[in-house]
Amino acid sequence: MKMQLLALFLLLAFLPPQVLSHNFSQTSGVQVQTNKQKQLDNETIYRVSKQLCWGCVSESLEFLFAHNLIRAAKFELPLAWNFQLEKYARWWAGQRKGDCKLQHSFPEDDFKLGENIYWGSGSAWRPLDAVTAWASEVKYYKYATNSCEADQMCGHYTQIVWRNTQRLGCARVVCDDGDVFMTCNYDPPGNYIGERPY
């Protein structure tokens with residue numbers, strides 16, 4: 001029973017808001033007859049459940065929870081999971097599946113989204129590992145000067161805690177060579193020169 005309730009909660013949590021709020025009895029001002037007694041047939045249930053990626057749901061929750069823990073430490077509002085960003089991240093992870101190359105999905109000077117990428121040797125790396133690695137850059141960020149220590153990176157960390165960022169979508173893939181590539185996209189993006197993350 002607990003597992004069924006958890007599955008129902010997760011399904012509702014990941015449904016797009018327009019589905020939950022849509023009034024199915026009216027469309028464009030025209031009254032539509034709805035059959036409240038209609039039951040879903042087994043074929044429809046099977047088709048929908050086959051499309052759900054339960055492993056993806058747990059990975060999504062892990063990415064989101066880890067990000068929001070880091071943000072909470074700086075009293076920043078939590079991020080919301082965004083399925084369009086997830087779709088984009090999954091596309092890019094799919095592009096990297098063949099070579100696992102640590103490469104951004106856009107030229108460095110032409111970003112439309114914030115993006116953090118991660119590579120790990122072997123297939124055991126999880127979303128928490130990627131977010132922890134990015135967040136560990138906090139030790140190189142100097143708030144007083146709003147800069148990273150010399151010869152160090154801290155932009156992954158500052159993107160995670162960027163105050164204006166509201167939405168997140170990530171993906172993880174095991175590459176053909178057995179290593180792991182992960183990518184997260186953020187909207188609105190962060191890391192604007194001259195601005196502080198929080």
Side-chain angles (χ1 to χ4, degrees), residues 5-21 55-90 92-93 102 104-106 108-120 124-172 180-198:
L5 288 173
L6 177 61
L8 179 61
F9 170 76
L10 290 174
L11 181 60
L12 291 174
F14 282 87
L15 283 175
Q18 61 269 29
V19 171
L20 294 173
S21 64
C56 300
V57 170
S58 66
E59 286 181 358
S60 301
L61 288 172
E62 192 175 338
F63 275 120
L64 185 62
F65 182 73
H67 275 82
N68 286 335
L69 275 180
I70 306 301
R71 291 177 65 83
K74 293 299 178 186
F75 302 101
E76 291 300 327
L77 292 173
L79 299 175
W81 192 259
N82 183 277
F83 289 98
Q84 288 301 106
L85 293 176
E86 177 189 7
K87 184 177 177 182
Y88 181 81
R90 288 206 180 287
W92 185 243
L102 197 59
H104 282 286
S105 65
F106 49 82
E108 287 295 327
D109 59 345
D110 187 33
F111 67 94
K112 303 289 188 264
L113 300 169
E115 185 172 74
N116 283 344
I117 55 176
Y118 177 90
W119 169 86
W125 300 98
R126 303 287 310 150
L128 183 60
D129 298 313
V131 179
T132 300
W134 297 329
S136 71
E137 295 177 358
V138 65
K139 61 184 171 276
Y140 303 124
Y141 177 67
K142 302 303 173 201
Y143 188 82
T145 59
N146 191 30
S147 62
C148 301
E149 281 185 11
D151 301 320
Q152 299 294 339
M153 289 195 311
C154 64
H156 299 100
Y157 165 72
T158 54
Q159 174 56 83
I160 290 173
V161 297
W162 199 263
R163 69 182 172 276
N164 295 332
T165 300
Q166 300 170 4
R167 292 168 289 280
L168 170 72
C170 305
R172 174 187 177 273
V180 169
F181 178 86
M182 288 184 258
T183 179
C184 286
N185 290 103
Y186 306 83
D187 182 56
N191 292 337
Y192 287 99
I193 294 171
E195 294 185 26
R196 293 183 191 278
Y198 46 83

Checklist entry - For the side chain of Glu76 and the backbone of Tyr198, is there at least one donor-acceptor N/O pair under 3.5 Å apart? => result no

Checklist entry - Is a side-chain donor or acceptor of Thr132 paired with a backbone partner of Asp129 at a separation under 3.5 angstrom? => result no

Next on the checklist: Looking at every non-hydrogen atom in both residues, tell me the closest pair between Gly155 and Asn191 and how far apart they are.
Outcome noted: O-ND2, 2.9 Å

Item to check | Contacts of Tyr157 that satisfy side-chain hydrogen bond (donor to acceptor under 3.5 Å, both in side chains) - sequence neighbours left out | outcome: none

Next on the checklist: Is it the case that the side chain of Trp134 and the backbone of Ile117 share a donor-acceptor pair, with hydrogens and angles ignored and the cut-off at 3.5 Å?
Outcome noted: yes

Checklist entry - Is the count of non-hydrogen atoms from other residues, nucleotides or ligands lying under 6.0 Å from Tyr143 atom OH greater than 12? => result yes

Checklist entry - Which atom pair, heavy atoms only, marks the closest approach of Gly114 to Pro189? => result N-CB, 3.2 Å

Checklist entry - Taking Arg126 for the side chain and Glu59 for the main chain, is one N or O donor matched with an acceptor at less than 3.5 Å? => result no

Checklist outcome for this item: Rounded to the nearest 0.5 angstrom, the CH2-CD distance for Trp81 and Glu86 is 5.0 Å

Next on the checklist: Would you call the rings of Tyr186 and His67 parallel, tilted or perpendicular, taking 30° and 60° as the class edges?
Outcome noted: tilted

Item to check | Residue list, side-chain hydrogen bond (donor to acceptor under 3.5 Å, both in side chains) with Lys139, at least two apart or on another chain | outcome: none

Checklist entry - Closest heavy-atom contact between Ala66 and Leu128? => result CB-CD1, 3.8 Å

Checklist outcome for this item: Rounded to the nearest 0.5 Å, the CZ atom of Phe106 sits from the OH atom of Tyr88 at a distance of 7.0 Å

Item to check | Heavy-atom closest pair, residues Ala133 and Tyr118 | outcome: CB-CE1, 3.8 Å

Checklist entry - Which distance, rounded to the nearest 0.5 Å, do you find between the CG of Asn185 and the CG of Asn82? => result 10.0 Å

Side-chain donor-acceptor contacts of residues 144-151 below 3.5 Å, not counting sequence neighbours, with atom names and distances?
residue : atom : partner : partner atom : Å
Thr145  : OG1  : Ser147  : OG           : 2.7
Asn146  : OD1  : Tyr141  : OH           : 2.6
Asn146  : ND2  : Glu195  : O            : 2.9
Glu149  : OE2  : Lys142  : NZ           : 3.2

Next on the checklist: What's the separation between atom CG in Leu113 and atom SG in Cys184, rounded to the nearest 0.5 Å?
Outcome noted: 12.0 Å

Checklist entry - When you measure from the side chain of Asn116 to the backbone N and O of His156, does any donor-acceptor pair fall under 3.5 Å? => result yes

Item to check | Spacing of CZ belonging to Phe63 relative to SG belonging to Cys170, to within rounding of 0.5 Å | outcome: 5.0 Å

Checklist outcome for this item: Exactly one of Leu64, Asp187, Leu85 clears side chain to side chain contact (heavy atoms under 4.5 Å, CB included) with Leu79, and that residue is Leu64

Next on the checklist: Is it the case that over 12 heavy atoms from other parts of the model lie below 6.0 angstrom from the CZ atom of Phe65?
Outcome noted: no

Checklist entry - Arg172 side chain to Met182 main-chain N or O, any donor-acceptor pair under 3.5 Å? => result no

